[in-house]
J.: 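Below you will find the structure I want to go over with you.
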2 protein chains.
Amino acid sequence: MGRGKIEIRRIENTNNRQITYSKRRNGIIKKAKEISVLCGAHVAVVIFGSSGKMHEYCSPKASLVDILDQYHTQCGKRLWDAKHENLSNEIDRIKKANDNLQMQLGHLKGEDVTSLNYKELMVLEDVLENGLACVRDQKVSLSKVSKKL
Amino acid sequence: MGRGKIEIRRIENTNNRQITYSKRRNGIIKKAKEISVLCGAHVAVVIFGSSGKMHEYCSPKASLVDILDQYHTQCGKRLWDAKHENLSNEIDRIKKANDNLQMQLGHLKGEDVTSLNYKELMVLEDVLENGLACVRDQKVSLSKVSKKL
DNA sequence: CGAACTATTTATAAGTT
DNA sequence: TAACTTATAAATAGTTC
């Protein structure tokens, strides 16, 4: 619709793409408003431009949440359950990472070392010696600075 | 667009309303596809006609869940129910705990010690010395055991 | 009836300022 | 650059089959 016909393919020129995006976004939202008034339809439109900025439209008297509830009820795709599952999995994952860190930390502090074999103890000893050296170096550095002041 | 201009107000004739709904719904979804291709936008459209039947469009490579996640991130509105909110909060909490553990672990290994003050360094030194002592004791214990065998 | 048709309106691509 | 203009493409209201 315009001075020239365009192919429906990505507009490579960034500026033109931005202009077209803004115009067409307004167009879609206008159409969404119209169909909701003309036909009493419930409509939700969410658009993210390539810049990441969001625009939304939702027909009057219905929040996006309402529309999505309706979506959930109707289509049986279990939108929320899927989301829930993802979150639960993430929690499990992080908790495991956490436990692992706790254990490492405990070993460094000398806790539960009886569960380690000789080789592991040697590695641990090296790490601790190295840490101790760094800490002592830093103490020395700080002492020098405070003497200068 | 059409043989005659129409007011944007509810179409009272059920049949005409249904026809217009169907035509315009297709129109909106076509436009949504076009903007996603032309501009690389992410778009989600959910429409319920007055009959209650649902239609949706979601731009390729992004599920409705993804788009809603993005929505959630951007606008901070409470799209998810309390359960999900709790899960999200838990994730944040555990992640923070995790970061804290990572930092402690780093310090024990001698990383980023320059961010510590003298008092903190002394505490750290004590912890490390204690840990080292435990580890060495354990090494000795293991040696004794292996000699006995 | 729903699919196809067209006269018109509307949206918009490109141009202009 | 963004807002305005205009020629043209696209959408669609009413109609036909």
Side-chain angles (χ1 to χ4, degrees), chain A residues 1-64 67-68 70-71 74-76, chain B residues 1-62 64 67-68 70-71 74-75:
Chain A
M1 294 161 273
R3 290 298 182 92
K5 184 172 181 170
I6 58 163
E7 294 276 319
I8 301 301
R9 61 168 60 171
R10 180 182 174 80
I11 298 169
E12 293 302 337
N13 179 295
T14 306
N15 207 41
N16 287 348
R17 187 169 66 242
Q18 179 53 40
I19 291 169
T20 294
Y21 171 69
S22 152
K23 287 179 177 179
R24 281 176 172 259
R25 174 169 45 68
N26 291 335
I28 288 176
I29 288 178
K30 185 178 176 191
K31 290 284 189 192
K33 284 179 186 168
E34 289 182 354
I35 201 175
S36 75
V37 173
L38 289 168
C39 310
H42 288 181
V43 188
V45 179
V46 182
I47 310 182
F48 292 88
S50 45
S51 74
K53 196 169 178 185
M54 189 200 71
H55 291 264
E56 62 169 309
Y57 168 74
C58 195
S59 44
K61 296 181 186 174
S63 69
L64 191 48
I67 300 246
L68 294 173
Q70 224 174 341
Y71 177 91
Q74 293 254 342
C75 71
Chain B
M1 296 161 274
R3 290 297 182 90
K5 185 170 180 169
I6 58 162
E7 295 276 319
I8 301 301
R9 60 168 59 170
R10 181 182 173 80
I11 298 168
E12 293 302 338
N13 180 296
T14 306
N15 206 41
N16 287 348
R17 189 170 65 242
Q18 179 53 41
I19 291 169
T20 293
Y21 170 69
S22 156
K23 286 180 177 179
R24 280 176 173 258
R25 174 170 44 68
N26 290 337
I28 288 176
I29 287 178
K30 185 178 175 190
K31 290 284 190 192
K33 284 179 187 171
E34 288 182 354
I35 200 174
S36 76
V37 173
L38 289 169
C39 310
H42 288 180
V43 189
V45 179
V46 184
I47 310 181
F48 293 89
S50 46
S51 74
K53 194 169 179 185
M54 189 202 71
H55 290 264
E56 64 168 309
Y57 168 73
C58 193
S59 44
K61 296 180 186 174
L64 193 47
I67 299 245
L68 295 173
Q70 225 174 339
Y71 177 91
Q74 292 250 343
C75 71

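Below, read A as the first sequence line, B as the second, and so on, with proteins coming before strands; counting in each chain starts at 1. Any value given below was found using the heavy atoms of this structure, including those in side chains, with hydrogens, waters and symmetry copies removed.
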J.: Any donor-acceptor pair under 3.5 Å joining the side chain of A:Lys30 to the base of C:dA11?
T.: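 There is none.
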J.: Determine whether a donor-acceptor pair (one donor, one acceptor, N or O, separation below 3.5 Å) exists between the side chain of B:Arg3 and the base of D:dT15.
T.: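 By the distance-only test, no, there is no pair.
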J.: Has the side chain of A:Asn16 got a donor or acceptor atom that lies under 3.5 Å from a matching backbone atom of A:Glu12?
T.: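 No; judged by distance alone, with no hydrogens or angles, the pair does not exist.
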J.: Rounded to the Å, how far apart are B:Arg17 CZ and D:dG14 P?
T.: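 After rounding, the gap between these two atoms is 15 Å.
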J.: Atom CD1 of B:Ile28 and atom P of C:dT10: how far apart are they, to the nearest Å?
T.: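 Checked: the CD1 to P distance equals 16 Å.
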J.: Can you tell me the distance, in whole Å, between the NZ atom of B:Lys23 and the P atom of D:dG14?
T.: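 The distance from NZ of B:Lys23 to P of D:dG14 comes to 9 Å, rounded to the nearest Å.
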J.: Just how far is it from atom OG of A:Ser36 to atom CZ of B:Arg24, taken to the nearest 0.5 Å?
T.: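 Reported to 0.5 Å precision, the distance equals 10.5 Å.
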J.: I want to verify a distance call: between D:dG14, C:dT10, C:dT12, whose nearest atom is closest to the B:Ile6 side chain?
T.: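 Nearest to the side chain of B:Ile6 among the choices is D:dG14.
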J.: Using a cut-off of less than 4.0 Å, is there contact between a side-chain N or O of B:Lys31 and OP1 or OP2 of D:dA10?
T.: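 Result: no.
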J.: What is the distance, to the nearest angstrom, from the CG atom on A:Asn16 to the P atom on D:dT1?
T.: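 The answer, rounded to whole Å, is 11 Å.
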J.: Looking only at atom types and distance, does a side-chain atom of A:Tyr21 sit under 3.5 Å from a main-chain N or O of A:Gly49, one as donor and one as acceptor?
T.: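 Indeed, once roles are kept as given, a pair shorter than 3.5 Å links the two residues.
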J.: Find the distance B:Gln18:CD to D:dT12:C1' and express it as a whole number of Å.
T.: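 Distance check: B:Gln18 CD to D:dT12 C1' gives 16 Å.
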J.: Choosing from C:dT10, D:dA9, D:dG14, which nucleotide comes nearest the side chain of B:Lys5?
T.: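 Shortest atom-to-atom distance from the side chain points to C:dT10.
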J.: Please determine, for the side chain of A:Thr20, which listed nucleotide (C:dT10, C:dA13, D:dA13) has the closest atom?
T.: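 Within the option list, the nearest is C:dA13.
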J.: Let me know, please, whether B:Asn26 or A:Ile19 comes out on the 5' side of the other along DNA chain D by nearest nucleotide.
T.: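 The residue mapped nearer the 5' terminus is A:Ile19.
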J.: Round to a whole Å and report the spacing from CD1 of B:Ile8 to P of D:dA11.
T.: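 These atoms are roughly 16 Å apart.
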J.: Taking the side chain of B:Arg24 as its heavy atoms from C-beta onward, which of C:dT10, D:dA13, C:dA13 lies nearest to it?
T.: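 That would be D:dA13.
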J.: What's the CD-P distance between B:Glu7 and C:dT10, to the nearest Å?
T.: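 Rounding to the nearest Å, CD of B:Glu7 and P of C:dT10 are 10 Å apart.
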J.: Out of curiosity, A:Lys33 NZ to A:Ser59 OG, how far, rounded to the nearest 0.5 Å?
T.: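 The NZ atom of A:Lys33 sits 12.0 Å away from the OG atom of A:Ser59.
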J.: Does A:Thr20 reach the main-chain N or O of A:Arg17 with its side chain, forming a donor-acceptor pair under 3.5 Å?
T.: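 Between the backbone of A:Arg17 and the side chain of A:Thr20 there is no qualifying donor-acceptor contact (under 3.5 Å).
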J.: Take atom CG of B:Leu38 and atom P of D:dA10, then tell me their distance rounded to the nearest Å.
T.: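 Whole-Å distance recorded here is 11 Å.
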